[in-house]
Amino acid sequence: MTQAVSILGATGSIGQSTLKVLEQHPDQYSVFAVSAYSRLDELLFICKKFHPKIVVVPKEKASELHQLFKNENLNQIEILTDESGLITIAEHADVDIVMAAIVGAAGLLPTLAAVKAGKRVLLANKESLVMSGDIMMQAARDHNALLLPVDSEHNAIFQSLPHNYLSAERTGQPQLGVSGILLTASGGPFLNHTLEQLNEVTPQQACKHPNWSMGQKISVDSATLMNKGLELIEACHLFSISEHFVTIVVHPQSIIHSMVQYVDGSTLAQMGNPDMCTPIAHALAWPERLSTHVPALNLFETAQLNFQSPDNVKFPALNLARQAMRVGGLAPTILNAANEIAVDAFLKQRIKFTQITQVVENTLQLIQNAKAESIDIILHTDMIARRVAEKYIADIGG
């Protein structure tokens with residue numbers, strides 16, 4: 001019997017990689033529903049190939065998609081719209097697995113809906129956990145959802161932990177002989193740039209990651225190292241570990257995806273070629289394994305692995321994220337919202353690359369922190385943080 005999969009964000013890089021894995025195993029998985037934001041041509045191609053039952057797009061794209069479906073005799077596919085449509089395909093009774101791959105805060109409510117429906121949730125949307133980590137993890141426990149990390153780093157940590165680690169007591173302290181986590185970072189395209197050079201980099205340069213093929217937003221986050229800061233917060237929630245037990249290690253080759261250290265002096269690492277199909281396949285089939293097209297790692301070709309500490313002066317985003325996690329409450333929500341606004345402004349060439357973290361820091365200073373007691377409070381704070389960040393960008397001439 002096949003398992004039905006909903007893919008939230010099917011036209012993005014994670015969604016495309018997920019479809020690539022599913023295509024290799026049609027006897028085990030079927031595509032029940034997909035969503036897309038703007039790439040209707042790619043969405044149409046997916047629908048012709050995988051024949052989902054439901055598609056979700058923004059309301060303003062629905063009539064255009066309906067015409068495309070009519071032209072291709074795909075009228076049997078139901079079209080839903082906006083957030084309500086995303087929630088429907090996330091919690092649908094016929095769905096077994098949800099790939100949560102929508103970028104940014106927009107993925108929060110659909111991901112939470114999938115968790116509350118007790119699904120196997122493949123988490124690629126780190127922002128939803130950054131914003132609502134305690135609520136999301138509690139909901140997973142309350143509704144017996146299986147929340148599995150798809151980010152290559154968190155998936156590597158998951159693979160390197162004791163098999164029963166996620167069911168251990170959640171105290172913030174390492175459990176079951178674990179002493180700490182080493183979270184790797186490629187360093188992005190500007191690892192060896194000076195501060196002066198960083199001040200002049202362009203969006204096109206920031207989006208050219210040396211190892212991974214990703215969307216614009218996550219590519220810029222990787223360039224500022226904010227992506228690693230968000231991943232630090234995500235790791236703390238996923239593995240119930242305080243931030244001071246998580247060390248960031250810059251590893252330019254992206255071969256070791258992360259490591260776990262143990263009290264006996266052991267360090268376990270998960271290694272592989274930098275291809276997202278590997279962690280996706282792992283999360284889809286866990287505790288079993290799926291074959292993929294990804295070739296096994298050739299250590300003779302790899303030859304050399306390098307490691308260094310991150311430069312917190314050139315890349316202050318890491319410290320901002322660590323401080324937000326340490327403070328807790330709504331600080332991670334504020335951090336994430338301000339960063340989304342700042343990255344968008346940089347991509348539109350309204351601010352410089354080095355001003356992205358300035359926007360985030362200023363927003364964190366201007367908004368009073370409080371407890372993240374409910375999703376409503378989190379979403380309200382997210383909205384306020386975006387307004388504050390946008391005003392700061394306007395004030396500095398963006």
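Keep in mind the model is a prediction, meaning the values are calculated, not measured.
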Do the side chain of [X] and the main chain of [Y] share a donor and acceptor less than 3.5 angstrom apart?
X	Y	result
His257	Gly272	yes
Asp27	Thr2	no
Gln355	Lys352	yes
Asp382	Ala337	no
Arg170	His237	yes

I would like to know whether Lys217 and Glu127 meet side-chain contact (heavy atoms from CB on, under 4.5 Å); could you show each step before the answer? CA-CA 12 Å; Lys217 196 267 181 183; Glu127 292 88 351; 3.2 Å; yes
Just checking, is any N or O donor in the side chain of [X] or [Y] under 3.5 Å from an acceptor N or O on the other one?
X	Y	result
Ser266	Asp264	yes
Gln358	Asn362	no
Ser128	Asn125	yes
His251	Gln253	yes
Asp134	Gln138	no
Asn319	Gln323	no
Gln175	Thr171	yes

For the pair Val178 and Tyr165, evaluate side-chain contact (heavy atoms from CB on, under 4.5 Å) and give the outcome as yes or no after the intermediate values. CA-CA 9 Å; Val178 172; Tyr165 194 88; 3.7 Å; yes
Only one of Asp94, Ile89, Ile79, Val95 forms a side-chain contact (heavy atoms from CB on, under 4.5 Å) with Ile54, so which one is it?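 Among Asp94, Ile89, Ile79, Val95, the one meeting side-chain contact (heavy atoms from CB on, under 4.5 Å) with Ile54 is Ile89.
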Using side-chain contact (heavy atoms from CB on, under 4.5 Å) as the criterion, point out the one residue from Thr184, Thr247, Leu268 that pairs with Met259.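 By the side-chain contact (heavy atoms from CB on, under 4.5 Å) criterion, Met259 pairs with just one of Thr184, Thr247, Leu268: Thr184.
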Gap separating the CG atom of Asp344 from the CD atom of Gln216, nearest 0.5 angstrom: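 Rounded to the nearest 0.5 Å, the CG-CD separation comes to 9.5 Å.
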Mutual orientation of the aromatic rings belonging to Phe32 and His92 [parallel < 30°, tilted 30-60°, perpendicular > 60°]: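 Ring orientation of Phe32 relative to His92: tilted.
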Using a strict 4.0 Å threshold on nitrogen-to-oxygen distance, state whether [X] and [Y] make a salt bridge.
X	Y	answer
Lys119	Glu91	no
Glu83	Lys59	no
Lys228	Glu234	no
Lys53	Glu78	no
Glu340	Arg386	yes

Pairs satisfying ring-ring contact (aromatic ring centres under 6.0 Å, His included), at least one member in residues 328-364, at least two apart: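 As it turns out, the ring-ring contact (aromatic ring centres under 6.0 Å, His included) pairs with a partner in residues 328-364, which skip direct neighbours, are Phe190-Phe353, Phe346-Phe353.
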Contact between [X] and [Y] at the side-chain level, heavy atoms closer than 4.5 Å - yes or no?
X	Y	value
Gln205	His193	no
Glu231	Lys126	yes
Val21	Leu284	yes

Using the test side-chain contact (heavy atoms from CB on, under 4.5 Å), find all partners of His244 that sit at least two apart in sequence or belong to another chain.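 His244 satisfies side-chain contact (heavy atoms from CB on, under 4.5 Å) with Ser242 only.
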